[in-house]
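Just so you know, ligand 1 is whichever comes first in the structure, and atom 1 is the first atom listed for that ligand. FYI, side chains are in, hydrogens and waters are out, and symmetry mates aren't considered; it's all heavy atoms of this structure. The first residue of the sequence shown is numbered 1, and numbering continues consecutively from there.
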Amino acid sequence: MKNIFYPKAHFNNIYEITPNFLKNKGVEGVLLDIDNTLVPYAVKVPSEKVLTWLTTLQEAGIKAAILSNAKAERIATFTEQTGLPIIEKAGKPLKRGFRQAEKLLGMPKEKLCIIGDQFFTDIWGGNRSKVYSIWVTPINNEESAFIRLKRWLERPIVKGYRKVMAEKGGDTVGLLGVIGYPIGHSISPQLHQALCDVSGMNYFYDKFLVEPSNLKEAFADFAKKGFRGINVTVPHKPDIIPLLDEVDANALKIGAVNTVVWKDGKSYGYNTDMDGFVMSVKEEANFDFDGKRVLILGAGGAARGVAMGCVTEGAAQVDFCNRTVEKAQALADAFDGGVLSQTDEAFAEKFQTYDLIVNTTSAGMKPQEDKMPLTAEYTFRKGQVCFDAIYVPRRTLWLQKAEKEGATVINGMGMLFYQGVEAFQKWKMADNTKPLTAEQIAQAKALLQERGVMTW
Ligand code: ATR
């Protein structure tokens, strides 16, 4: 995409441009066009919304200035009310305004970004001056004859840009995110950044703390802001279901959605945790589920996802073992499986009949590293595959025991990775682009290890 008129990124409006997006691109100062970018043409008073957006940027340490081709008096009200420094008569696309901006904001061009609605002034100027360029769709309003002429001249460029972006994946920066409560520890942004990096997708992925009482409102807000999709994590996975237009049959049976896709104004829910589990076990243990016996420890949402994966892959028997036996029974009923009770006299013997044993409980997870999911006496047998959905720590006590006793062990890192990959594939395909190739997936995995985000 070499065209000198093309922006580096496109957003539908300024409000979608978050401090994290800018920081992610190394931007520390934004140069703002006014007309049809921040406010409608001829309106020279900033709205509350503009002021709030500016405050959000400034609070995040991002500086801002006005870079306008207009004279200062014409935009005096605007600059007064925002308190922003201004470069008037900037002569965009000439470089001189941009050079002044470096001095005014006290930072080199590499840290600057132009945000504007016109290709021939804002974007071209930014590209010539080697600052990051963001094109926002012009706010539709009455425009002067001169601007209408420029719009007409811009048309082939807009069309070409949209075409290139459509081929590459979407005509805008696709907004994505993960919601949860808490969410601070999530590494999903780094995971999806790696997937973007290997595929050239123009997505931006952020994390959002959403309180359970605010889920419905927050969800509506994501849709309104034009998000392409979100990941959903604890505790929202079951509660998001009634808010969706359509839910995949497997996700419905699991009772948990971890991936939402918006397409043509409708929301679709999927469970890619299940896929992540299956892919991880297949890859890391070279395991073929067909005709196998599986024992699942735990009886929560994760257990349901794992069970669905096993059934879908053709496992012959899926049994459940849980501290609270009634819950194991409920899952056994739902998935045509059995229950293995820890009080069963033949527990140790029966335990060895399983080809795959999966821990979905939180026993052993930081900060409960000293815990094990089972209290009964048993040993693993050689050749059994032992999967723990926990990935912090990398080797739970339970996996250590399994390894010592000759089982093949897998931690939850691969499941985490592949649930992300599968979510990304869904968004990518909803954007009418080809799915990631096996090579790209391998590259992303290597990149994540290199960056120290994920280690297996
Ligand atoms: P998720 O939806 O992530 O699977 P969950 O619904 O809270 O989480 O389910 C956690 C499961 O782990 C439950 O089956 C729980 O057992 P109970 O049904 O008896 O509560 C199990 N679990 C959690 N901590 C455990 C522990 N220390 N030992 C054994 N099982 C445990």
Which ligand 1 atoms, with their elements, are less than 4.0 angstrom from a heavy-atom of Lys327? 17 (P), 18 (O), 20 (O)
Could Glu313 and Lys282 be called an ion pair, given the rule that one side-chain N must be under 4.0 Å from one carboxylate O? yes
Between Trp53 and Tyr15, how do the two ring planes meet: parallel, tilted or perpendicular, split at 30° and 60°? perpendicular
Shortest protein heavy-atom distance from atom 22 (N) of ligand 1, along with the residue and atom involved: Thr361 CB, 3.6 Å
Below 4.0 angstrom, counting only protein heavy atoms, does anything approach atom 14 (O) of ligand 1? yes
Looking at Ala363, which atoms of ligand 1 are within less than 4.0 Å of one of its heavy atoms? 26 (C), 27 (N), 28 (N)
Taking the six-membered ring for Trp, are Phe219 and Phe227 closer than 6.0 Å centroid to centroid? no
The closest protein heavy-atom partner of atom 6 (O) of ligand 1 is Gly300 CA, 3.3 Å
Give the minimum heavy-atom separation between Ala251 and Ile241, together with the two atoms involved. O-CD1, 4.4 Å
Going by the atom numbers of ligand 1, which of them fall below 4.0 Å from some non-hydrogen atom of Ala302? 1 (P), 2 (O), 4 (O)
Of Val306, Asn322, Asp273, the one whose closest heavy atom lies nearest atom 16 (O) of ligand 1 is Asn322
Answer with side chain, backbone, both or neither: which part of Thr324 has a heavy atom less than 4.0 angstrom from an atom of ligand 1? both
Can Gln81 and Val45 be said to form a side-chain contact (heavy atoms from CB on, under 4.5 Å), step by step? CA-CA 7 Å; Gln81 292 195 17; Val45 184; 3.5 Å; yes
Aromatic contact between Trp398 and Phe380, with the criterion being ring centroids under 6.0 Å apart: yes or no? yes
Looking at atom 26 (C) of ligand 1, what's its closest protein heavy atom, distance included? Arg323 NH1, 3.3 Å
Under 4.0 Å from a heavy atom of Ser362: which atoms of ligand 1 are those, numbered in the order shown and with their elements? 23 (C), 24 (N)
Atom indices of ligand 1 within 4.0 angstrom of Gly298 heavy atoms, with elements: 14 (O)
With side-chain contact (heavy atoms from CB on, under 4.5 Å) as the test, would you mind laying out the steps for Gln342 and Thr375 before giving the verdict? CA-CA 7 Å; Gln342 292 198 71; Thr375 45; 3.2 Å; yes
Test of proximity, Gly301 against ligand 1: N or O pairs below 3.5 Å: yes
Test item: protein heavy atom less than 4.0 Å from atom 10 (C) of ligand 1: no
Contact region, Ala256 to ligand 1, non-hydrogen atoms below 4.0 Å, reads neither
Ring centroid separation Phe277 to Phe387 under 6.0 Å: yes
Which of the numbered atoms in ligand 1 are below 4.0 angstrom from a heavy atom of Pro373? 29 (C)
What's the shortest heavy-atom distance between Pro393 and Gly364, and which atoms? CD-O, 3.4 Å
Going by atom types only, do Asp117 and Asn36 share a side-chain donor-acceptor pair under 3.5 Å? no
